[in-house]
Amino acid sequence: MKLERYIQKAGITSRRKAPKLIESGRVKVNSKIAKDFFLEVDEEKDIIEVDGKPIELENKQYYLFNKPAGYITALKDPFKTPTINDFLKKHYNITVRVHPVGRLDKDTEGLLILTNDGDLTYKVLHPKMKVEKEYLAKVYGTPNKEDVKRFEKGMKLKQFTTSPARLQIKESEGNFSWITIVIREGKKRQVKRMCSHIGHKVVYLKRIRVGTFTLFGIEKPGDLKEIGKDEIEKFMIENQIV
Ligand code: URA
């Protein structure tokens, strides 16, 4: 990356003002004053200083990914199950190490935020932040009004009691129904366990929304799109996790 771009990306000045700053001799690369604003710098190795202070790129990256079935969200697996990282390496060129915000089961498809921003991860996942996660599920049978109420009230599963959730029936298809479920927490296999608890086993599961992020633009499993810091800021405001 060119030195002037680095200075601008680090938020020190605008791109227009970066050359002036460099010309003025206030910028050092590896302890030497650098006056060439087209100088190529390596953001991993070179030490860039402005007024004697090292400047680092924040370089937070964000992606929305439509996870395909057949991959686990864990980064490593002793049984060599394919991970989403294997998938991403094969199909995309993400240059920084990103992690998934939350987990989806191997057979679950759908929306995953990928990032190296720990603060965002914490805020999206922490139950007290109450960010909604919406799922589309195909289940055996047809849940009734009583089941809907049990979701709303919260239900006692083996290890914990769920907080209020929503269940909506979309359509019935033979012995199965399509339903949507909204939860604000994310315990392991939570949706499947809640559905089994009311007697309607999940046979297909896809996450379709996390807060205000949806699968718009990444409708096909395996699709990925990068999102900018501005969109993340908007997301945080809209979901009240600022
Ligand atoms: N709930 C589940 O049961 N599985 C998932 O993958 C996500 C939520």
Side-chain angles (χ1 to χ4, degrees), residues 63-79 81-88 98-115 120-143 147-148 150-170 176-216 218-224 239 241:
Y63 297 87
L64 297 183
F65 178 47
N66 186 343
K67 175 193 168 299
Y71 295 85
I72 56 168
T73 47
L75 300 180
K76 262 196 214 136
D77 179 67
F79 303 108
T81 316
T83 67
I84 57 163
N85 266 2
D86 298 329
F87 182 91
L88 293 165
V98 290
H99 58 258
V101 177
R103 64 187 151 226
L104 291 178
D105 299 334
K106 184 179 168 192
D107 58 355
T108 303
E109 291 177 3
L111 186 59
L112 261 184
I113 302 171
L114 307 174
T115 185
L120 178 78
T121 306
Y122 172 82
K123 287 176 173 165
V124 171
L125 295 183
H126 202 292
K128 83 169 187 242
M129 300 290 182
K130 296 191 163 51
V131 175
E132 291 189 344
K133 287 102 189 170
E134 183 168 356
Y135 294 84
L136 173 70
K138 185 177 180 182
V139 296
Y140 274 117
T142 307
D147 296 325
V148 173
R150 288 165 84 185
F151 264 66
E152 279 168 5
K153 248 182 83 196
M155 58 182 82
K156 203 162 181 306
L157 300 179
K158 252 193 202 138
Q159 292 98 337
F160 72 105
T161 301
T162 61
S163 48
R166 299 200 298 275
L167 186 170
Q168 248 189 343
I169 296 141
K170 293 288 165 191
F176 299 96
S177 303
W178 286 95
I179 64 174
T180 55
I181 289 145
V182 177
I183 57 176
R184 289 163 174 260
E185 45 194 354
K187 298 278 190 333
K188 204 165 182 194
R189 301 186 65 253
Q190 183 165 342
V191 171
K192 289 178 188 162
R193 285 158 70 196
M194 290 173 84
C195 291
S196 287
H197 193 74
I198 58 165
H200 298 281
K201 191 172 181 288
V202 169
V203 294
Y204 169 84
L205 188 62
K206 169 157 113 179
R207 181 151 69 190
I208 56 174
R209 186 169 64 82
V210 175
T212 45
F213 282 142
T214 66
L215 289 170
F216 178 76
I218 48 164
E219 287 84 3
K220 271 202 324 297
D223 281 354
L224 176 85
N239 296 282
I241 52 170

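Each ligand, and each atom within it, is numbered from 1 in the order the structure gives.
- For the residues R189, R207, K187, the heavy atom positioned nearest atom 2 (C) of ligand 1 is part of R189.
- T115 and H99 share no donor-acceptor pair across their side chains, judged by distance under 3.5 Å alone.
- Protein heavy atom in closest approach to atom 4 (N) of ligand 1: D105 OD2, 2.7 Å.
- Partners of D86 by side-chain hydrogen bond (donor to acceptor under 3.5 Å, both in side chains), not counting sequence neighbours, listed by chain and number: T83.
- Ligand 1 places these atoms under 4.0 Å from at least one heavy atom of K192: 2 (C), 3 (O).
- In summary, the atoms of ligand 1 found under 4.0 Å from a heavy atom of Q190, numbered by their order in the structure, are 1 (N), 2 (C), 3 (O).
- Contact annotation for L205 and ligand 1: only side-chain heavy atoms (C-beta onward) come within less than 4.0 Å of the ligand.
- R207 contributes no side-chain N or O that, together with a main-chain N or O of L136, makes up a donor-acceptor pair within less than 3.5 Å.
- Close approach of ligand 1 to T108 (heavy-atom distance below 4.0 Å) involves ligand atoms 4 (N), 5 (C), 6 (O).
- Under a 4.0 Å criterion applied to the non-hydrogen atoms of Y135, ligand 1 contributes the atoms 7 (C), 8 (C).
- The existence of a salt bridge linking R166 and E132 is confirmed by a sub-4.0 Å separation between a basic side-chain nitrogen and an acidic carboxylate oxygen.
- K128 pairs by the side chain to side chain contact (heavy atoms under 4.5 Å, CB included) definition with Y122, H126, not counting sequence neighbours.
- Nearest to atom 1 (N) of ligand 1 among the protein's heavy atoms is V191 N, 3.1 Å.
- Classification of K192 and D107 as a salt-bridged pair holds, one side-chain N sitting under 4.0 Å from a carboxylate O.
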